[in-house]
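A short worksheet on the structure shown next.
Order of the sequence lines sets the chain letters (A, B, ...), proteins ahead of strands, with each chain counted from 1.
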Amino acid sequence: VIVGTALIRMYGVCGCLKEAEILFDRVSDKDIILWNCMIALYVEHKKSSQALVFFHQMLGEGVLPNKVTCSSLLNAYGSENELAMGKKMHACCVGSNYELDMVVETALIYMYGKCGCLEAAHLLFDRMHVRDLVAWTTMISLYAQQEHHCKALQLFSQLQQESLMPDIVTVVGMISACASEEALFICKQVHACVMVTKLASDTVLGNAFISAFNKCGSLKEALTCFEQMTKRD
RNA sequence: GCGGGAUG
């Protein structure tokens, strides 16, 4: 089963879900890890309904879900805007004390945020006992994607006051949804922050800034950014 | 051997 799971996951991450499923069907004693693996693969590939089919098959075979199962399903509900289902899952997580797991907490924040409940998401974020960079980035990206750039920027500077360093995901999450003249200010602020860090020399990030400045209607800033890059591709 | 964040 262990080798099988590793193999199945390998096929899955390469996008070969059919091959993965053929192998999956041939495993006789499917354990929770194998089921979780299968569910997570289908969620990753945006095939949430198929992931749910596996989930129900799993329950039908008497295998109980754990917090790994829950975090995968929360992701599915988030990307499908299934708020009602997400709330049910939230209740399950509370009942099982999974809500104290940082991964589950972050998945809950993602689910609520994606379903348009930014307030609920932020409330959960505030109630977390420990917030790592992924939790911060999740919250920031949710705000940014829903055009609350000021809220995102506010969190972005708060994060740094907590002596955490934003990484590429955080920064791209901040700027990738910037596409208006109002958001130009945001890009400038973030760019200034980034230029005094290690990320300043990152080519991928430089390209992301050029694209963002352009979308905000400032070819001038885009060019300045290009000129400041130490490496270009 | 399985789970949480951005873009491509």
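For the pair A:Asn36 and B:rG1, the criterion of a side-chain N or O lying under 4.0 Å from OP1 or OP2 is not met. Contact annotation: A:Arg9 reaches the phosphate of B:rG3 (side-chain N/O to OP1 or OP2, under 4.0 Å).
Atom CZ of A:Arg127 has 12 or fewer heavy atoms from other residues, nucleotides or ligands within 6.0 Å.
Residue A:Leu41 contributes atom CG, which lies 12 Å from atom C1' of B:rG1 at whole-angstrom precision. Here the P atom of nucleotide B:rG8 and the CG atom of A:Asp233 are 16 Å apart, to the nearest Å. Look at CG on A:Asp101: it is 13 Å from P on B:rG5, rounded to the nearest Å. What separates CZ of A:Phe125 from C1' of B:rG4 is a distance of 13 Å, to the nearest Å.
The residue A:Ser211 sits apart from the nucleic acid: no heavy atom pair falls under 4.0 Å. Within the 4.0 angstrom heavy-atom criterion, no nucleotide atom of any strand lies near A:Met174. At a threshold of 4.0 angstrom between heavy atoms, the contacts of A:Asn75 are confined to the sugar-phosphate backbone, with no base atom among them. As judged by a 4.0 angstrom heavy-atom cut-off over every strand, A:Leu133 is placed among the base-contacting residues. Contacts of A:Asn66 with the nucleic acid, taken as non-hydrogen atoms under 4.0 Å apart, are absent. Across all strands, A:Ala177 comes closer than 4.0 Å to no nucleic acid atom at all (heavy-atom distances). Within the nucleic acid shown, A:Val1 comes within 4.0 Å of at least one base atom, counting heavy atoms only. The residue A:Val104 sits close to a base: some heavy atom pair falls under 4.0 Å.
For the pairing with A:Cys178, the side-chain contact (heavy atoms from CB on, under 4.5 Å) check across A:His149, A:Lys188, A:Glu147 returns one residue only, A:His149. Checked against A:Tyr42 for a ring-ring contact (aromatic ring centres under 6.0 Å, His included), the options A:Phe55, A:Trp35, A:Phe24, A:Phe54 give a single hit: A:Phe54.
Of all heavy-atom pairs between A:Pro65 and A:Tyr98, the closest is O-OH, 3.6 Å. Heavy-atom minimum distance, A:Gln146 versus A:Gly116: OE1-CA, 4.2 Å.
Looking only at atom types and distance, the side chain of A:Thr69 has a donor-acceptor partner in the side chain of A:Asn66 under 3.5 Å away. Under the 3.5 Å distance criterion, with hydrogens and angles disregarded, no donor-acceptor pair is assigned to the side chains of A:Asn214 and A:Ser211.
The stretch residues 137-154 of chain A touches RNA chain B through A:Thr137, A:Thr138, A:Ser141, A:Gln145, each having a heavy atom under 4.0 angstrom from the strand.
Side-chain proximity of A:Cys37 to B:rG5, B:rG3, B:rC2: nearest is B:rC2.
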